[in-house]
There are 2 protein chains.
Amino acid sequence: MVAAAAGVSRATVSRVVNGSTSVAPEAAAAVHAAVEALNYVPNRMARSLASRRTDVIALIVPESTSTVFADPFFAPVVRGVARALSDTDYTLNLLIASESRPEKTRRYLLGGNVDGALVVSHHASDHSYLGLGDTLPIVFGGRPVNPELADAWFVDVDNRASARLATEHLLARGRTRIATIAGRQDMPAGIDRLEGWRDALGAAGAPADRVEFGDFTQASGAAAMERLLAATESTGAATGTGLDGVFVANDQMAAGAIRTLLSHGLSVPGDVAVVGYDDDTFAATITPPLTTVHQPSAELGAQMAQVLVRRLAGDTPPHRTLIPTHLVERDSS
Amino acid sequence: MVAAAAGVSRATVSRVVNGSTSVAPEAAAAVHAAVEALNYVPNRMARSLASRRTDVIALIVPESTSTVFADPFFAPVVRGVARALSDTDYTLNLLIASESRPEKTRRYLLGGNVDGALVVSHHASDHSYLGLGDTLPIVFGGRPVNPELADAWFVDVDNRASARLATEHLLARGRTRIATIAGRQDMPAGIDRLEGWRDALGAAGAPADRVEFGDFTQASGAAAMERLLAATESTGAATGTGLDGVFVANDQMAAGAIRTLLSHGLSVPGDVAVVGYDDDTFAATITPPLTTVHQPSAELGAQMAQVLVRRLAGDTPPHRTLIPTHLVERDSS
DNA sequence: GTGAAAGCGCTAACAT
DNA sequence: ATGTTAGCGCTTTCAC
């Protein structure tokens, strides 16, 4: 080590470089000067070998490159992770996994290249990384589905609380006959958002019996709204009086529902207030602009990073971190 | 090394793992079996320390995360790099540079984490990576501007040849009075595309005297077209006969030019054929769909990777690699 | 507070 | 064809 030519031993240089305590001020100064003069950069491989840590965290996105760049979900997540990590000494390492052979990624992860990994994906059907959890600290993000992941670490958006929030907003606006268009019941997003709607209505003592299901597409939202309207009319109530608010499990379906409402001559939010979920790219531009629950993707990334960093620091954060959301109030409610 | 418990020495295990020649078939088999049984994955740090190579290539994008994901230019480049690298043993390492402190990236690069780096950016004003070229093999991509980079390795799109191609297409279509709307002359894209137009016309013995300049915006293209038309009319020729083709240095300006042409009652391509450059997102959807030069971004990424891999293999590829483009023929010509 | 010595897990001559 | 011997450049007990 050339820097030792600054009067001290390799050990002392190491101490200084790593900001260790118990080093004489003058010795430290000498080392710093030498480091500066020699333009010294410690070799990370050697350091890692000796210290058994890399200071690198991998962010694994098990999608094709095109998807990663096309899908509006990933960008904020990456940004959130990067931001959270920039406060630390960890370097971020984006691994677009499906581009190369999975085996390559696996070896990379297991080969001691990183101290921990973040895995983010839409579809939790990918089991590739489950086994790694025992060897390498991993934090999953996005929308967990696998039941076997009970012992894993997760960061997720609190769908249930968010749906409750949205429904309570409808209640606060004076709406009393609130229906919901729920999503597919084989996904957490579908199940939890329906539960949240029930929570809010139950707590308010209002009946939670007007439910129709869709599959998150705009067409299914329009159809579900038709059914809701038909059921309401058959109860004998005057048009519009049997229903004055709807919580829709995502913005796409909400757009469809509004279309149906308007085509029936009902006004939004005059006759029926609508609240969606996602705050997707179109939420602000449809007519009327949609009140919806904002999906905090950057926050998801940031929290994932933080949970992993805490684990790496020897801390034991909770296995499941739920991120609160917030309502974006626009004109549809 | 536990695998040595498979009957041979560490050295032999190393040979087998690294696919070396001269290992007895039975010895190799024994090692493979042991590797399998013990679920052995070589430690990359140790391997790197000893072999002085990492098998990792960094792709540095000196932009903010938001830009990287929003800009349609980067996605195909990353995809191209990833694809090219998937044929090799190199692992790709995406570094979104501006997100963390530049110093962090520099240390990462100099700290022996990677065997080489790819730097891609729109604006070549960033000098951060110039100094590294002496220490670490780097290949730049995109649109080089810095003259100091004469000794660096580059991969770039052949703007000049492409512009010539576009102009020749106009010639082949029987157009004889071909103007150009050139871009800013302080950028290679502006300069080279004008040169290419001159090349084609010169080779065909046609006069290359109708030039107007724009700044790559749609408005400037529309204005330049106005000037071209005015100049043509002042020559006394009947409207439209003084000009029957235009090569425009990018699609945005081409869109503006077409708007001007149509507003003057001229038909495209009937009276004037138009060829653009970039094949951007809107090229196919404007009226009429634009004939344009496709920008091979994925190819750029792939070539960058290949040049770097060749350098790492000890080969000496040319400093400057020019990627040929191709014309996308639509209805405007 | 600081130096000496012992590796971290592997590869690469050099022998054999 | 295979084993032996040295390190790669750093961190880290352990003495002093």
Side-chain angles (χ1 to χ4, degrees), chain A residues 1-35 38-56 89 91 107-115 135-136 312 314, chain B residues 1-35 38-56 89-91 107-115 135-136 312-314:
Chain A
M1 191 194 293
V2 246
V8 295
S9 76
R10 300 156 40 107
T12 300
V13 172
S14 179
R15 291 189 182 99
V16 173
V17 169
N18 293 302
S20 161
T21 51
S22 44
V23 175
E26 49 267 26
V31 172
H32 277 130
V35 163
L38 279 59
N39 203 5
Y40 168 73
V41 176
N43 180 307
R44 212 142 189 176
M45 300 307 162
R47 185 206 289 258
S48 294
L49 228 209
S51 66
R52 326 193 77 2
R53 50 201 308 279
T54 64
D55 288 334
V56 176
D89 281 330
T91 296
R107 292 181 76 80
Y108 185 78
L109 259 21
L110 253 28
N113 286 290
V114 300
D115 290 346
T135 315
L136 189 75
L312 293 177
Chain B
M1 192 191 291
V2 248
V8 295
S9 76
R10 301 156 41 104
T12 301
V13 172
S14 179
R15 290 188 184 101
V16 172
V17 170
N18 294 303
S20 161
T21 52
S22 43
V23 175
E26 48 268 26
V31 172
H32 276 130
V35 163
L38 279 58
N39 203 4
Y40 168 75
V41 176
N43 180 308
R44 215 153 189 160
M45 300 305 162
R47 182 205 292 255
S48 294
L49 230 208
S51 66
R52 325 192 72 13
R53 52 203 306 279
T54 64
D55 288 336
V56 176
D89 280 329
Y90 289 104
T91 297
R107 293 181 75 80
Y108 184 78
L109 259 21
L110 253 28
N113 286 290
V114 301
D115 291 345
T135 316
L136 189 75
L312 293 177

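Lettering of chains follows the sequences in order, A, B, ..., and the numbering in each one begins at 1. Heavy-atom basis, side chains included; hydrogens, waters and symmetry copies ignored.
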Identify the pairs formed between an N or O of the protein and an N or O of nucleotides 13-16 of chain C at a distance under 3.5 Å, and give each distance.
none

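- Put simply, B/Ser51 has no side-chain N or O that comes within less than 4.0 Å of OP1 or OP2 on C/dT11.
- In this structure, A/Arg44 atom CZ and D/dC8 atom P are separated by 21 Å, rounded to whole Å.
- Spacing between atom CZ of B/Arg107 and atom P of D/dG9 amounts to 17 Å, rounded to whole angstrom units.
- Rounded to the nearest 0.5 Å, atoms CG (A/Leu110) and CZ (B/Arg44) are 11.5 Å apart.
- In this structure, the CG atom of A/Leu38 is 15 Å from the P atom of D/dG9, given to the nearest Å.
- For A/Met45 and C/dT11, the CE to C1' distance is 15 Å, given to the nearest whole Å.
- In this entry the distance linking CG of B/Asn43 with P of C/dG9 reads 7 Å, nearest Å.
- The CG atom of B/Asp89 sits 9.5 Å away from the CZ atom of A/Arg107 when rounded to the nearest 0.5 Å.
- Scanning both residues, B/Val13 and B/Val8, for their nearest heavy atoms gives CG2-CG2, 3.9 Å.
- Rounded to an integer number of Å, the gap from CZ of B/Arg10 to C1' of D/dG7 is 11 Å.
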Practice item. In sequence, state the C-alpha distance, the side-chain angles, and the governing distance for B/Arg47 and B/Asn18, and then conclude on side-chain contact (heavy atoms from CB on, under 4.5 Å). Key: CA-CA 11 Å; B/Arg47 182 205 292 255; B/Asn18 294 303; 2.6 Å; yes
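- With rounding to the nearest 0.5 Å, the separation of CG in B/Asn39 from OG1 in A/Thr135 is 8.0 Å.
- Rounding to the nearest 0.5 angstrom, the gap separating the CG atom in A/Leu109 from the CG atom in A/Leu136 is 5.5 Å.
- Using a 4.0 Å heavy-atom distance criterion, A/Thr12 is classed as a sugar-phosphate-only contact.
- Taking 4.0 angstrom as the limit, A/Arg52 places a side-chain polar atom (N or O) nearer than this to OP1 or OP2 of C/dG9.
- As a whole-Å value, the separation of B/Leu110 CG from D/dG9 P is 14 Å.
- Of the two residues near DNA chain D, B/Ala24 and A/Val17, the one whose nearest nucleotide lies more 5' is B/Ala24.
- Of all non-hydrogen atoms in A/Pro42 and A/Val17, the two that sit nearest each other are CG-CG1, 4.0 Å.
- Looking at A/Asn113 and B/Met45, their side chains come closer than 4.5 Å, going by heavy atoms from C-beta outward.
- One can place CZ of B/Arg47 at 9 Å from P of C/dC10, the figure rounded to the nearest angstrom.
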Point to revise | Secondary structure string for DNA chain D (Watson-Crick or G-U under 3.5 angstrom, | for other-strand pairs) | key: ||||.|||||||||||
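- Summarising the geometry of A/Asp115 relative to A/Thr54, their closest heavy-atom pair is OD1-N, 2.6 Å, with the distance given to 0.1 Å.
- In terms of position on DNA chain D, the residue among B/Ala50 and B/Ala27 whose nearest nucleotide sits closer to the 5' end is B/Ala27.
- Of the listed nucleotides (D/dG3, C/dG9, D/dT2), C/dG9 has the atom at the smallest distance from the side chain of B/Ala46.
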